[in-house]
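Written out below as structure tokens is the structure these notes cover.
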Amino acid sequence: MKFASTRNPQKLVSFKDTVFQGLAPDGGLYVPTTMPDMSKLFEGMNEKTSFVDIAETITKILASDELSPDAISRIAKRAFPFLPELKRLTENIHILELFHGPSCAFKDFGASFLATTMEEFLNKEERKAIILTATSGDTGSAVAQAFFGKKNINVVILYPSGRVSPLQEKQLTTVGGNVTALEVKGSFDDCQNMVKKAFVNPKLISQLPLTSANSINLGRLVPQAFYYIYGFTRTKKSPTKATYFCVPSGNFGNLTAGIYAWKWGLPVKGFIAATNINDVVPEYLQSGLFKARPSVQTLSNAMDVGNPSNFERLMALFANDWNKIRTVIYGEVVSDTETLETIRKVYEEYHIFIDPHTAVGILAAERFNRKSSNDNSDIIVLSTAHPGKFLETVEEATGKKPQLPDALARALKLPKQSVLIENSSKALENFLLDTFT
Ligand SMILES: *Cc1c(COP(=O)(O)O)cnc(C)c1O
């Protein structure tokens, strides 16, 4: 299959190029140029179809002209040693837990698939790569874990000193091996600027195989479609029941992946875009006007986004037509007070802990359920992070402390290993040249 930038549909690129380039040179986002009909394939799947099978089947359709069947099987098996878990909350609301990977958030699915795919391409060509990325906390740990131990790949992650949580810092700085954490004496924006400048620094790009792994990479988005298919096969009991997905959203990568699955023929009736008060997309769905604005800090901070980077990709899927998108995606907005109240209520009624992002999704699903007064449908809420990652908030809401997942408990006991550097492009240039040439 061929891919193209949202801003230049004529210029076709390979899957490999979308994966190694991340952002298109014209500033657009890479998208598939065709939408294959996989509905027959989906009909043949059921609750016995494994996640690895789903990953393998879809990847073959997307990349079989560039990777051999063996290579694709290897990618599917190696990328996903962890699985989604489906739990039923009420008669018709289900939770799809996506936090059983190494960094305990859904971003592990995308990062792991991207890392494994890059490793496969590099092995084939005997090339090397250096992944350079800036993080404000969560994305970095998924990338660090995903690329750890990958052959021919080194990873350099910049994070703002003193501005990530102690747990996030441990997750970033205790991986070791081929992963280096650079602790920058500056803000997240400074880190991002240093990375952006490195990618256009002629000296660096001529001497080092720099590449990015940020969240707009199509190689991180595509694998997120797999768990929509997986969730669907595990709830679908009756052909007359409609299925909705409810997606706690920030940059809207996760929701876009769901729309891909739907475009490929997964019979989903609709999607609920659940946000915190950073609600530019629900507002757009209401009014038809998209107004980006600076983000506001909330308890579900991985969704504090004022100008979602995947909005352009999402709109491209609906030919930029407001009337079309409104028939498939419904917006719901949840405040911090409601988030805390939902965490408390879910704990009291169902005896499970949920993190603040999942809470936004659950309340949005309950509201949608009441509004549509349609009990004959299943709503699957994507649960995006482990509650143990947000101990303070969960404790504030419930008065109890959820258990820390093993992976995080282990990281907390390890010594921090980081390289402290000045907030300057020159400092990053020197570090990269000293380390890798
Ligand atoms: C990144 C993230 C989100 C938002 O996902 P998008 O794809 O950016 O919409 C939601 N919840 C958690 C826990 C996240 O880390």
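In each ligand, atom 1 is the first atom listed, and ligand 1 is the first ligand listed. Note that the coordinates shown come from a computational prediction; the quantities given were computed from them, not determined experimentally.
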Exercise for the section: Inspect the contact between K16 and E66 and indicate whether a charged nitrogen and a carboxylate oxygen are less than 4.0 angstrom apart. Expected result: no
Exercise for the section: Give me the ring orientation class for F99 and H386: parallel if the planes are under 30° apart, tilted from 30 to 60°, perpendicular past 60°. Expected result: perpendicular
Can you produce the list of protein nitrogen or oxygen atoms under 3.5 Å from a nitrogen or oxygen of ligand 1, alongside each distance?
unit_1	atom_1	unit_2	atom_2	d
ligand 1	7 (O)	G253	N	3.2
ligand 1	7 (O)	N254	N	2.9
ligand 1	8 (O)	N251	N	2.8
ligand 1	9 (O)	G250	N	2.8
ligand 1	9 (O)	N251	N	3.3
ligand 1	9 (O)	F252	N	2.8
ligand 1	11 (N)	T384	OG1	2.9
ligand 1	15 (O)	K107	NZ	2.5

Practice task
Could you list all the salt bridge (Lys or Arg N to Asp or Glu O under 4.0 Å) pairs where at least one residue sits in residues 109-119, not counting sequence neighbours?
Solution key: none
Practice task
For the pair F3 and F15, name the ring-plane relationship: parallel under 30°, tilted 30 to 60°, perpendicular over 60°.
Solution key: tilted
Exercise for the section: Assert yes or no for the condition that the ring centre distance of Y227 to F51 is strictly below 6.0 Å. Expected result: no
Problem - Enclosure of K2 NZ (heavy-atom neighbours >12, cutoff 6.0 Å) - result: yes
